[in-house]
Participant: 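The structure under discussion is supplied below as structure tokens; questions concerning it will follow.
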Amino acid sequence: MAIQHDMFEQFKNKALLRKAHNYAEDYLNKALARNVFPTKEAIANLAQFDEDLPEQPAAAKDVIKQLHQLGSPATVTQIGGRYFGMVNGGIIPTALAAKFLVDVWDQNTPLYVTSPINAKLESICEKWLIDLLDLPQETVAGFVSGSTMAIVCGLAAGRYRLYERMGWDINKKGLRNAPEIRIIMGEEAHSAVKKAVSLLGLGTDNIEYVPVDNQGRMLADQLPELDDKTLLVLQAGNVSSGAFDPFEEICEKAQAANAWVHIDGAFGLWAAASTTHQHLCKGIGKANSWSVDGHKTLNTPYDSGLVLCNDSEALVMALQATAAYLLYGEHRDGMMFTPEMSKRARAIELWATLKYLGRSGVSDLVKGLCDRALQFKEELEDADFEVMNEVVFNQVIVPFETIEIRDKMVQHLQDSGVCWCGGSTWKGRPVIRISVCSWATTKQDVTVSVEAFMTAREELSP
Ligand SMILES: *Cc1c(COP(=O)(O)O)cnc(C)c1O
């Protein structure tokens, strides 16, 4: 078979892999200095992908060449220091190098027997994360695609446990005719939490919302009476303001009522690992489950999310349709802790990141993002922009008079190529949201980005 021969050749002489490697180096050499968002020309060139499905195999080197020539310029330079959109993290070079290597291994990781190395490093990461985030010793970790999936897992574990206590086997009987459970969260809960509620069949109409303060923090004294049929979702890091719920006070109430507490800490939970910001996470150890991303604050490669749960049985039972897999062997089978069976070896990059940074490196990384966010606030205010939020973490909110002005500012900033920020709404006002989320952001990056804000305002003023 000609194509099989061709593929063996590609493995054997490695010219193709070397080519891809050279393209990657070329990308790194240019990307950091380039426009953050692709130029109009780069976007227009994507039309060259519009072709019919080829009838015959192509030359491998042409496939990779096309990808580099058309694809690389059409990427968003998220790995650089001036991308402030969403809450998208940069990439730690050691983790990137680990991913290169692991990509060649192409491991599938549901079971110990499909990848002993991944199983080992899942165990190590689990142990290190408990230590780093100061979580209960019995906590287990599931390695999933991101926080959205991790929230689904945490709430599924809670749902399983609440029903199990009522003598209702949710896996077998489902929600049909089931006794009711309650779901409570702050008015500022992330949309991913609501998605999890609907995916789990709990119904978003059934959510009881707790009022929040002007930073989006749940007001502990407004919390309804909790009971042992309650799922309570708290937040470490509001996606707009970066604010943290008062965990200590709320978790104590929840514990006393035997409610299940999940903390959505997609980017904020890493505050617990920093010497300067860990006060924000005080009390998180009293929750039952947590969700956090590697790919945001920690700057691992995409995609990398974690569900952490202090009730191993509830998590495992919630994620397995049958108990047939529940053979606790001496080795770790990662799929016990995730909805997926087949999945990539994402724990390995997480391990490489933690091993490279160490405890002090993670702490410095978090502090660095927060310092740059404070610098943004100060320089923006010096330039007579308003900053709406208390900058307690890495998020900065800049309001504008009208949606039209905000949209023009956003467009101007994005077109400038200097930096990338997105528009949003906060407390009813049109805003630009700045998220400092990459280790690569320097003081200079912040200064030139604030200058881009000033230029935009000047050129847009009548
Ligand atoms: C990003 C984010 C999510 C969703 O996480 P993904 O990794 O994108 O699935 C959930 N909650 C908060 C607070 C977030 O910032």
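All ligand and atom numbering here is 1-based and tracks the order in the structure. Note that the coordinates shown come from a computational prediction; the quantities given were computed from them, not determined experimentally.
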Participant: Looking only at distances, please establish whether an N/O atom of ligand 1 is found under 3.5 Å from an N/O atom of Gln235.
Facilitator: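 No.
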
Participant: Does atom OH (Tyr302) have a neighbourhood of more than 12 heavy atoms from anything else shown, all under 6.0 Å?
Facilitator: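 Count over threshold, so yes.
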
Participant: Within ligand 1, which atoms have a heavy atom of Gly146 less than 4.0 Å away?
Facilitator: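 Once the distances to Gly146 are compared, the set is 7 (O), 9 (O).
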
Participant: Which ligand 1 atoms, with their elements, are less than 4.0 angstrom from a heavy-atom of Gly237?
Facilitator: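 Those atoms are 13 (C).
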
Participant: Would you indicate whether Asp221, at its atom CG, is surrounded by more than 12 heavy atoms from other residues, nucleotides or ligands within a distance under 6.0 Å?
Facilitator: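 Atom CG in Asp221 is packed in, count exceeds 12.
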
Participant: Supply the atom-to-atom distance Leu132 CG to Arg359 CZ, rounded to the nearest 0.5 angstrom.
Facilitator: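 Leu132 atom CG to Arg359 atom CZ measures 6.5 Å (nearest 0.5 Å).
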
Participant: Relative to each other, are the rings of Phe453 and Phe376 parallel, tilted or perpendicular (30° and 60° limits)?
Facilitator: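 Rings of Phe453 and Phe376: perpendicular, as their planes differ by over 60°.
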
Participant: Please could you name the atoms of ligand 1 that Ala266 approaches to less than 4.0 Å, counting only its heavy atoms?
Facilitator: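 Listed by number with element, the hits are 2 (C), 3 (C), 10 (C), 11 (N), 12 (C), 13 (C), 14 (C), 15 (O).
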
Participant: Among all protein non-hydrogen atoms, which one is nearest to atom 13 (C) of ligand 1, and what is the separation to 0.1 Å?
Facilitator: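 Among all protein heavy atoms, the one nearest atom 13 (C) of ligand 1 is Asp264 OD2, 3.4 Å.
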
Participant: Suppose I only count heavy atoms of His295 and a 4.0 Å limit; which atoms of ligand 1 are within that range?
Facilitator: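 Answer for ligand 1: 7 (O).
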
Participant: Check whether NZ of the Lys or CZ of the Arg Arg217 lies under 6.0 Å from the centre of the six-membered ring of Phe244 and within 45 degrees of that ring's axis.
Facilitator: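 Here Arg217 fails the 6.0 Å and 45° test against Phe244.
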
Participant: Should one rank His190, Gln395, Lys296, Met149 by closest heavy-atom distance to atom 2 (C) of ligand 1, which comes out on top?
Facilitator: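 Looking at heavy atoms only, the winner is Lys296.
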
Participant: CG of Leu226 to CG of Asn258: how many Å apart, nearest 0.5 Å?
Facilitator: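 Here the rounded value is 11.0 Å.
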
Participant: For atom 9 (O) of ligand 1, which of Val239, Thr148, Asp293 has the closest heavy atom?
Facilitator: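 The nearest heavy atom belongs to Thr148.
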
Participant: Which ligand 1 atoms, with their elements, are less than 4.0 angstrom from a heavy-atom of Phe267?
Facilitator: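 Answer, ordered by atom number: 15 (O).
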
Participant: Let me see the working for Thr77 and Arg34 under side chain to side chain donor-acceptor pair (under 3.5 Å), right down to the final yes or no.
Facilitator: CA-CA 8 Å; Thr77 320; Arg34 178 213 86 195; 3.0 Å; yes

